[in-house]
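Take a look at the structure set out below.
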Amino acid sequence: MLSAFVAKRLVSGVCQASWRPAVAELVTTRGYKGEAPDDSRGDLIEIPLPPWTEKDGETMDIKRRRLLFQSRKRGMLENCILLSLFAKQYLNTMTEHQLRQYDRLINEPSNDWDIYYWATEAQPVPDVYTGEIMDLLKEFTKNKDQEQRLDAPNLEYLDKGSQ
Amino acid sequence: MAAVCTASRVLAKKVLSAKALPAVSQSSRKLHFSVYGKNNSKVSDGMSTQYPVVDHEFDAVVVGAGGAGLRAAFGLSEAGFNTACVTKLFPTRSHTVAAQGGINAALGNMEGDDWRWHFYDTVKGSDWLGDQDAIHYMTEQAPHAVVELENFGMPFSRTEDGKIYQRAFGGQSLKFGKGGQAHRCCCVADRTGHSLLHTLYGRSLRYDTSYFVEYFALDLLMEDGECKGVIALCMEDGSIHRFRSKNTVIATGGYGRTYFSCTSAHTSTGDGNAMVTRAGLPCQDLEFVQFHPTGIYGAGCLITEGCRGEGGILINSEGERFMERYAPNAKDLASRDVVSRSITIEIREGRGCGPEKDHAYLQLHHLPPQQLATRLPGISETAMIFAGVDVTKEPIPVLPTVHYNMGGIPTNYRGQVITHTTEEGDKVVPGLFACGEAACASVHGANRLGANSLLDLVVFGRACAHTIADICTPGEKLSPLKPNAGEESVANLDKLRFADGNMRTSEIRVNMQKTMQNHAAVFRTGKVLKEGCDKMDAIYQTLDDIKTFDRGIVWNTDLVETLELQNLMLNAVQTINSAEQRQESRGAHSREDFKDRMDELDYAKPLAGQVRKPIEEHWRKHTLSTVDPKTGKVTLKYRPVIDNSLDAEDCAAIPPAIRSY
């Protein structure tokens, strides 16, 4: 009975650890990785996906609308909340150059967790994504004002007849 | 009414055949398809109410591009079927990517193993509500499925001698529960979900699968009880697309977003379940919703149990470590459902924390800062990012959080969607299949074991592809479809786009979520459930008074979130009504007023001399729920559990017993 309990506890610990965004290289700082072994990344190397390309012929207005949808609908909850709050703060005032940076940042990486690791500075940002937007996102993520980020914001902040 | 007339006129006149336009779907390797509507689009950025409709014909259409959808699409394309995959998200951004655990399979790499033991664990885990034929199929196929994935290129983590590394996971045992912990979970480091998506998506492109990304599926095209395809909205330009096909596979995932607090992404909105409901077909076992004890209040992000393992404690508004009362020995480390129930009771009895007294606190600041920094660094970050809390000074607000939906679209073990009548039993719905979290095969029954979900995706995605390959051939001619099929869906879309009532989408949504959270959460009582059903009914009616603000048709997020709300609402009413009716406690459905399981025999006592209860008098049966979308009224029926395995000699079925660990 006792061993089953202990086993269950250990197992739940592993199970929960594997739920959290732990990182292969930084095992020392992210202790709860459990015993998850190294990643050979063979699939990423041998099964390349078609490269991401920028959409042409899109007006800035349409681009903003698209990026709003793509900020709010992500692969996991952490990114849904983070990016939709970020979009609420910054999307409507981004310049064209910034919009294109943001577009690339949220649409090119294939693993949504990577964006979270870069934003939380758990992993170094690849050169192609460094820039103003990445800096803004990292700063934003730190939550220096300690606001309560209970959920992705509702859309009503856009209802000012500005569309 | 006018809107319907307009829509039908539009549909009748502007139906364009895919064949008349450049064959982009055949040759192009582009991710985002050129939308046919762009060439002759009548849709301006202004207030156009014209909806150009494009018709497509395929041998198979898959709705959803997560693990199950991609596996089905890949399997179908590989078998030579001209397959379309319609998805509201880019494939590698499906919620499957959040899965960092692994896939269970009895490969026997860490110790001797047998899939029949995995079968036993799963049947027991389901609290004998799982269909044993489907569980037999899944656990027997598991090793083949994993090896197949390996061959496709998924880089499973390896042991030193090059075999697939397998780790321990909850509920997995050896020798039918008598041999200790089993190590069955295969993983790709900590990104199993992502690797699965990447591998399947990449491979499917080599077989010419046509992806329609960022297309929101609205409804099934049903005619005479047969599914003939799907109608969808292209978000990029607002055109409507009808995907006609003899085989439609639904793989749209779960519906965690019906609750205020869930670990799921904002994309888990039960779109497939709702489509099936609107088609007049039943959903199964929706009352079985799995909760995890500690998700961050509001945000819902999971807080690992490891916190409590390190000495973190749960406290109520009086600063009391309340787990000492509920589990004097294990205290904060009692099993998940015990902790979930304890937190809920504290809140119910008025000792909840925060301004609305609706959550508990997880306190870590009594731990040495050094320990927090080294052993729980991720927690400190998550708490700061999502709760604005400095764990060295303040406690983290937490709540039992919805994690998974065991229920969904009822299917047989081959992935075919079924309906049920008492006279004729199970009957297949022609042309319709389902797999993944959206389906209910049912392999998880009343409670899901960890790492069985990714397995479910792969095995049943594959099963759908195999079944379709068995019963159809590529290139078969499609039966005719009424010219105005899908008209109602477009009318609904139009109505929502211009909705000008009094309640905003976000208001109705939060009302629904709070009602579900307060009335149909971890620990349920008849009276509270009944109140919840009545409240939910009232909230359902407010959908008629909804107000949207974005009148555009291109990338209209407000409209999509409103459509998703409609879908969530259908899931919510079925969940709460099914829970209210089920007067027993089984697996994840836990009732304060009916604490025991009610089976056909009392398995706690010797069976000799007991009389088997008829199905109307016990609860070891599946719930089948349907809704009248106009009124929100839920009707419930029941269906027996399948107790035989696929082959009694190869794998003996497990008769019910009391579930204890």
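All of these numbers come straight from a predicted model, not from anything done at the bench. Computed over heavy atoms, backbone and side chain alike; hydrogens, waters and symmetry mates excluded.
- Counting heavy atoms from C-beta outward, A:Asp159 and B:Arg504 have side chains that approach closer than 4.5 Å.
- In terms of heavy-atom proximity, A:Arg65 sits nearest to B:Thr557 at O-OG1, 4.2 Å.
- In terms of heavy-atom proximity, B:Ala265 sits nearest to A:Arg74 at CB-O, 3.5 Å.
- The closest side-chain heavy-atom distance from B:Ser506 to A:Glu156 is below 4.5 Å.
- A donor-acceptor distance shorter than 3.5 angstrom exists from the side chain of A:Trp113 to the backbone of B:Val97, with no hydrogens or angles considered.
- Pairing each heavy atom of A:Ile47 with each of B:His198, the nearest pair is O-NE2, 2.8 Å.
- For B:Phe156, no part lies under 4.5 angstrom from a heavy atom of chain A.
- A salt bridge does not link B:Arg191 to A:Asp112: none of the charged side-chain nitrogens sits closer than 4.0 Å to a carboxylate oxygen.
- Going from atom CG of A:Asp43 over to atom CD of B:Glu150 covers 12.5 Å, rounded to the nearest 0.5 Å.
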*asked:* For a side-chain contact (heavy atoms from CB on, under 4.5 Å) check, start with the C-alpha distance between A:Leu155 and B:Thr505, then their side-chain angles and the critical distance, and finish with the verdict.
replied: CA-CA 9 Å; A:Leu155 282 173; B:Thr505 305; over 6 Å; no
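- Contact check for B:Met235 versus A:Arg66: no side-chain heavy atoms found under the 4.5 Å cut-off.
- Looking at B:Val510, there are no atoms closer than 4.5 Å to chain A (heavy atoms on both sides), in backbone or side chain.
- Taking OG from A:Ser110 and OH from B:Tyr201, the interatomic distance works out to 10.0 Å, rounded to the nearest 0.5 Å.
- Closest approach of B:Phe386 and A:Leu82 over heavy atoms only: CE2-N, 4.3 Å.
- Of all residues spanning residues 99-108 of chain A, those with a heavy atom less than 4.5 Å away from chain B's heavy atoms are A:Ile106, A:Asn107, arranged by number.
- Residues A:Lys142 and B:Met384 form no side-chain contact, since every pair of their non-hydrogen atoms from C-beta on lies 4.5 Å or further apart.
- The shortest non-hydrogen separation linking B:Leu205 to A:Pro50 is CD1-CD, 3.4 Å.
- Of the two parts of B:Cys185, neither the backbone nor the side chain holds a non-hydrogen atom closer than 4.5 Å to a non-hydrogen atom of chain A.
- One distance of note links CG of B:Asp558 with CG of A:Leu158; it measures 8.5 Å at 0.5 Å rounding.
- The CZ atom of B:Phe216 sits 8.0 Å away from the CZ atom of A:Phe69 when rounded to the nearest 0.5 Å.
- Ion pairing between B:Glu564 and A:Lys73 holds under the 4.0 Å rule for side-chain N and carboxylate O.
- Checked by atom type and distance alone, the side chain of B:His266 never pairs as donor or acceptor with a backbone atom of A:Cys80 at under 3.5 Å.
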_Full working for side-chain contact (heavy atoms from CB on, under 4.5 Å) between A:Ile62 and B:Glu236_ = CA-CA 9 Å; A:Ile62 298 292; B:Glu236 187 173 7; over 6 Å; no
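- Of the listed residues B:Glu561, B:Arg203, B:Arg93, the one with more heavy-atom pairs under 4.5 angstrom with chain A than any other is B:Arg93.
- Counting heavy atoms from C-beta on, the side chains of B:Arg509 and A:Asn154 come closer than 4.5 Å.
- In this structure, A:Glu58 and B:Trp555 approach most closely via the heavy-atom pair OE2-NE1, 4.4 Å.
- How far CD1 of B:Ile385 is from OH of A:Tyr116: 4.0 Å, rounded to the nearest 0.5 Å.
- Once rounded to the nearest 0.5 Å, the distance linking OG of B:Ser195 with CZ of A:Arg41 reads 10.0 Å.
- For a residue to count as touching a neighbouring chain, one of its non-hydrogen atoms must lie under 4.5 Å from one of that chain's; by this rule B:Ser94 touches chain A with the backbone only.
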